[in-house]
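Contents: one structure, followed by commentary.
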Amino acid sequence: MSFYRELRAHFGHRKWWPADTRFEVCIGAILTQNTAWKNVAKAIERLKDASALDPLTIHRLSHEELADLIRPAGYFNVKAGRLKNFISHLVRSHEGNLEAFLSQPMESLREELLSIKGVGKETADSMLLYAAGKPIFVVDAYTKRVLHRHGLIDGRADYDTVQDLLHAELDPDVELYNDFHAQFVAVGHHCCKKKPRCELCPLRGFLPEFAQAMPDGPTNQT
DNA sequence: GACCAGGCACATC
DNA sequence: GATGTGCATGGT
């Protein structure tokens, strides 16, 4: 869709997610819940420095040790529990083998992820798209804010509504979903933060008239 | 010193 | 089912 083309032309390919391994993507997805990525990066760095960025090592750490390592990411007690929940599930159901866990079909994998306490829709979908390479669109605060600021969704639209809209508009293409979501984050950082429509916004052409055309418009041709 | 940042589970009505 | 609250650090 042209909305994506504008962003892509402005920001270039974003090459997401910022992580070296699939496991790091999963850990980052939990740590970034309601938290600035800068703080998450610090926490991940601390895990790396402690040689603790792998399932079995984290599984063996005490709650206190893990919480202390991820302290910079905030909510460290909550998140230590959530990381433990995720890894306990991985160890119990797949002997700690993340590749095996992620290689199952998307539907059952999503259901399994959502059954883990501390993994909600956004966290599950981030893991599905960016760690497992499944074609599912990640809806986060940036996605909603940018779409809302440009008149494409209602401000109170819930997760499923926004995701359904994107799925209906776009071909189920992992590369597209990957980079498109990253573009939302880029424009969210860049200029969609406080001002509804800033002068520099690469999407400034997409205002109400486009919004009206969106629901049933043929916007998914590349 | 407020206010915000790539959520989620749980309590309450 | 909708709405409110706790969780916490670090940057602006």
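It should be emphasised that the depicted structure is a prediction, and the values quoted were computed from it without experimental measurement.
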When the P atoms of C:dT5 and B:dC3 are compared, how many Å lie between them, rounded to an integer?
16 Å
A:R46 CZ to C:dT9 P, straight-line distance once rounded to whole Å
12 Å
With rounding to whole Å, what would you report as the distance between C:dG10 and B:dC8 at their P atoms?
22 Å
Reading nucleotides 1-8 of chain C 5' to 3', which nucleotides get B (base under 4.0 Å from a protein heavy atom), which S (sugar-phosphate only), which -?
------BB
Just by distance, do the side chain of A:Q33 and the backbone of A:G118 share a donor-acceptor pair under 3.5 Å?
yes
When rounded to whole Å, the NZ to P distance for the pair A:K144 and B:dA5 reads 13 Å
Sorted by chain and number, sequence neighbours left out, side-chain contact (heavy atoms from CB on, under 4.5 Å) with A:E65 holds for A:L61, A:S62
What's the NE2-C1' distance between A:H189 and C:dG11, to the nearest Å?
12 Å
Can a donor-acceptor pair be found, under 3.5 Å and without considering hydrogens, that links the side chain of A:K84 to the backbone of A:I58?
yes
Tell me which residues in residues 114-134 of chain A lie within less than 4.0 Å of DNA chain B, going by non-hydrogen atoms.
A:I116, A:K117, A:G118, A:V119, A:G120, A:K121, A:E122, A:T123
Kindly check if the number of other-residue, nucleotide or ligand heavy atoms within 6.0 Å of CD (A:E111) is above 12?
no
Measure the distance from NZ on A:K84 to C1' on B:dA9 and round it to the nearest whole Å.
20 Å
Candidate list A:I70, A:T32, A:I30, test side chain to side chain contact (heavy atoms under 4.5 Å, CB included), partner A:V40, passing option:
A:T32
Side chains of A:Q183 and A:H10: donor-acceptor distance under 3.5 Å anywhere?
no
How about A:N85 and A:S88: does a side-chain donor come under 3.5 Å of a side-chain acceptor?
no
If two hydrophobic side chains count as joined below 4.5 Å and joins carry through other members, does A:L114 share a cluster with A:V25?
no
